Amino acid sequence: MLDQRSLLGVADLAPAGALAILDLAEEYVALNRRRDKKRGVLRGLTQINLFFEPSTRTQASFELAGKRLGADVMNMSVGSSAVKKGETLVDTAVTLNAMHPDILVVRHAMSGAVALLAQKVNCAVVNAGDGAHEHPTQALLDALTIRRRKGRLSRLTVAICGDILHSRVARSNIALLDKMENRVRVIAPSTLLPPEIDRWRVEVFHDMKAGLEGADVVMMLRLQTERMSGGFIPSVREFHHRYGLDHEKLAAAKPDAIVMHPGPMNRGVEIDALVADDLERSVIREQVEMGVAVRMAVLDLLARNIPGEGAA
Amino acid sequence: MTLILANARLIEPETGADTPGAVSIEGGHIAAIAWGEQPAAPEGATVVDCGGHALAPGIVDIGVSVGEPGARHKESFRSAGAAAAAGGVTTMVVRPDTQPPVDDPAILEFVRRRAEESAPVRVHAMGALTKALEGREMAEMGLLLDAGAVAFSDAVRPVADARVFRRCLAYAQGLGALVIHHPQALDLAAGGCATESEFSGRLGLPGVPALAERIGLDRDLALAELTGVRYHADAVTTASALGSLRRAKEAGLAVSAGVSVHHLTLNEFDVGDYRTFFKLAPPLRREDDRAAVVEAVGEGLIDVIASGHRPQDEESKRLPFEAAATGAVGLETLLPAALRLVHAGALDLPRLFRALSLNPARLLGLPGGRLAVGAPADLVLFDPDAPWILDRATLRSKSKNTPFDQSRMTGRVLRTWVGGRSIYDRAEDA
């Protein structure tokens, strides 16, 4: 069970809560592979996907998750309309709140924005990514993928590689993997690391092969296009040379190490196409599948805390 | 007509005295001071019994932003003046960051007239250092000086271009004017909204390295040395910048420094869960920096404590942290917050009032800031030990963006006089 109204981050998730989500998600993985994928646990509930920042896969994943559980799902991309008219985040939240949604799934380009919005509404809020802060369902789906492949979610060596500085995926993953007692390494040039990351209970590497040595899991991050030239790294080709995952560098990891990527990939930048498509090693497509199941589990567990008739 | 403030605990920053006594006021000035033994009041004098509470020279607050002209919904001279009176601030030195900015003598005259009409405290205005505070061309400093500007500043906007800044300093030096600047290497600080640290990294907030302040200050001090101008850094908040400041002072440069009370009493962790009322410029610092700056105030390396008063409306604060406006109101909380340093043993009361009253008055060439015969009777009576909890709704500022909402405060202003005239009495207020 999950004894909270909202899921704003991994930071406020107890290990037992995380495991409850993963266990329920396993059931939904099985359900999603059947012909009839429909459950009615969210019937009658309204889910609004509120995306202040464009996203294709995360939004689709949440939409499918809600629909398979029987919720009425509405997608709103706010970046284009209301914000241009000068409406603030809080105004948008208050307006939507008046329409009595039960679950808001929110993405915003600024750290802390989803928590701010959650203070202004009285429904469940799921953080689908806030700035460089948290993306909890991504960490959970990664955890589920790891657990299914490795048979456990502890005492593993996980190397996270690439643009850690701007990555909410990295922050949520570091937090969750640390809670589950894994060894976490980060591999990046100094310019793409958060300040004082050495205090985060992670091992820091600038050399990729050294960082991959003995790793069970290799987690690649997307390098945003706008950071590619000159500002944070000299060039794409230099980054690819030093930090792009190819089979040669991957050979430093354990022979059965799995390769992950939250997508969308920049092939030939942070990951070589041959590695990305290597079904022996790459679990990138499986991550997408786990994403729907994990989000179903999160929505289901949060919905159980929504007061029913008479209870309110 | 004589007013006698009797049975007081006199706090004199210049001599460091902290003794029982009485102050006698005539014609808006201090006419006599009785240290220790208090003579009987002369016939016909009005006597106020101070109840043994602390009586100190009124606060001279350098660097107050008021929304007139341009943003009166945030703060007017009336509301700022009322807040100042209730905070024991008897002189406000207002910044030029209005809309339009005070880069034209006509605007300065408007500001002075509005202040005269509606604020019960003394108000002096800074003029802009550069036109429109844009850091490109110098403002008409000579004309502004003649119109009454007491110093020149671009408020919290540093002049990024060293060549422009050098010329401004050289020109100001020729006028004998004081330049008040916000030391910060803008290119290094660009895009940041929190002090770069483990904490900001975990929150995912773009960081400003603390070093941006030292690099900015180093440049400013080098140019101050080159030009010989009187230079005041409005906010020195990091340990590493203190070293630069110390060397410049030891070399005999005409430089001084201030800090806001917020940077002395709060640290980066107070931002907590993206609380935008704690978003300041410069951002709140690490605890070791805060402690170093408190020590620097104690030894006099940092000369001035100010409120850093910057009113912001609710809308501009009710935003994601990165997008929210910077600044906090502080006129009314300056003294109670600064008393935390006294209660923590970092300063004694005379030392505190050197930084709040005496030093800023000297810096600007104003006659106040002292308990001395002939000085203006700008005084604050306060109970340094009165406990209370701040409710931001009760603040007199139009904007309520205080970081001290619901905080426990120890020490409260009881009465304020400007030129011997009572402008605040807590007994009538409650």
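Below, each value reflects all heavy atoms present in this structure, side chains not excepted, and no hydrogens, waters or symmetry copies. Treat the numbers as computed from the prediction; the structure is a model and nothing was measured. Protein chains get the first letters and strands the later ones, always in sequence-line order, with residue 1 at the start of each.
- Residues Pro320(B) and His108(A) come closest through the heavy atom pair CG-CE1, 4.0 Å.
- Other residues, nucleotides and ligands contribute more than 12 heavy atoms inside 6.0 Å of the CZ atom of Arg5(A).
- Judged purely by atom type and a 3.5 angstrom limit, Arg171(A) uses its side chain to pair as donor or acceptor with the backbone of Gly201(B).
- Within 6.0 Å of the CZ atom in Arg78(B), the count of heavy atoms belonging to other residues, nucleotides or ligands does not exceed 12.
- When the candidates Ser111(A), Gly9(A), Ala11(A) are compared by the number of heavy-atom contacts under 4.5 Å with chain B, Ser111(A) comes out ahead.
- Remark: Glu181(A) CD is loosely packed, at most 12 non-hydrogen atoms of other residues, nucleotides or ligands lying under 6.0 Å away.
- Heavy-atom neighbours of Glu295(B) CD from other residues, nucleotides or ligands within 6.0 Å: at or below the threshold of 12.
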Tell me, with the steps shown, if Trp200(A) and Glu198(B) meet side chain to side chain contact (heavy atoms under 4.5 Å, CB included). CA-CA 8 Å; Trp200(A) 285 25; Glu198(B) 181 194 359; 3.6 Å; yes
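- In this structure, chain A has no heavy atom under 4.5 Å from any part of Thr276(B).
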Residues Arg318(B), Thr88(A); criterion side chain to side chain contact (heavy atoms under 4.5 Å, CB included); working and verdict: CA-CA 9 Å; Arg318(B) 202 184 289 147; Thr88(A) 66; over 6 Å; no
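- With rounding to the nearest 0.5 Å, the separation of CD1 in Ile174(A) from CZ in Arg202(B) is 8.5 Å.
- Residues passing the side chain to side chain donor-acceptor pair (under 3.5 Å) test with Asp163(A) are His166(A), sequence neighbours excluded.
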